[in-house]
Amino acid sequence: MKKTYQIEVDCANCANLMQDAAKKTEGVTSANVNFMTQKMEVEFCEGADEKKVMKSVLKACKKVEPDCEIEF
């Protein structure tokens with residue numbers, strides 16, 4: 001399952017760091033962050049709990065960009 005989320009990130013480099021952090025999160029098959037549109041597309045592993053995974057993604061992203069936001 002793929003879902004797109006509205007994000008808030010300050011720079012393109014931070015968006016790349018968030019993308020890398022999201023990709024490494026358990027339950028995520030792939031992730032793509034677009035700085036220009038302020039969107040994150042996440043593909044979840046089959047059977048993954050979307051809300052639980054996204055909480056982990058947000059936590060991982062805040063480690064690389066403390067003031068980022070993901071609306072889910």
Side-chain angles (χ1 to χ4, degrees):
M1 168 178 62
K2 257 186 196 179
K3 285 202 83 173
T4 302
Y5 299 92
Q6 190 69 36
I7 62 168
E8 193 173 305
V9 63
D10 299 330
C11 69
N13 186 51
C14 297
N16 286 334
L17 294 172
M18 286 177 62
Q19 178 175 294
D20 291 342
K23 284 180 178 178
K24 294 176 184 172
T25 304
E26 187 176 337
V28 174
T29 304
S30 69
N32 183 39
V33 174
N34 187 317
F35 171 69
M36 296 302 288
T37 61
Q38 296 282 296
K39 294 188 189 279
M40 174 186 279
E41 185 178 83
V42 179
E43 185 172 353
F44 300 94
C45 295
E46 191 172 324
D49 180 346
E50 173 195 339
K51 291 215 183 269
K52 187 177 178 183
V53 171
M54 284 310 296
K55 284 181 184 179
S56 296
V57 167
L58 180 59
K59 187 176 179 181
C61 287
K62 284 203 176 271
K63 286 182 182 175
V64 296
E65 180 56 34
D67 63 345
C68 74
E69 292 297 329
I70 303 172
E71 295 177 25
F72 55 92

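Along the sequence shown, residues are numbered consecutively beginning with 1. What you see is a predicted model; the values in this text were computed from it and never measured.
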When rounded to the nearest 0.5 angstrom, what distance separates [atom1] in [X] from [atom2] in [Y]?
{"X": "E43", "Y": "M1", "atom1": "CD", "atom2": "CE", "answer": "10.0 Å"}
{"X": "E71", "Y": "K39", "atom1": "CD", "atom2": "NZ", "answer": "9.5 Å"}
{"X": "F72", "Y": "M40", "atom1": "CZ", "atom2": "CE", "answer": "10.0 Å"}
{"X": "E41", "Y": "N32", "atom1": "CD", "atom2": "CG", "answer": "6.5 Å"}
{"X": "I70", "Y": "K55", "atom1": "CD1", "atom2": "NZ", "answer": "13.0 Å"}
{"X": "C45", "Y": "E26", "atom1": "SG", "atom2": "CD", "answer": "8.0 Å"}

Do V9 and Q38 make a side-chain contact, defined as non-hydrogen atoms from C-beta onward lying under 4.5 Å apart? yes

Please give me the minimum heavy-atom distance between A48 and G27, naming the atom from each residue. CB-O, 4.0 Å

Kindly give the heavy-atom pair with the smallest separation between F35 and A15, and that separation in Å. CB-CB, 3.9 Å

Anything under 3.5 Å between a donor and an acceptor, one on a side chain of residues 56-69, the other on a protein residue two or more places apart or in another chain? List them.
unit_1 : atom_1 : unit_2 : atom_2 : d
S56    : OG     : K52    : O      : 3.4
K62    : NZ     : P66    : O      : 3.3
K62    : NZ     : C68    : O      : 2.8
K62    : NZ     : E69    : OE2    : 3.3

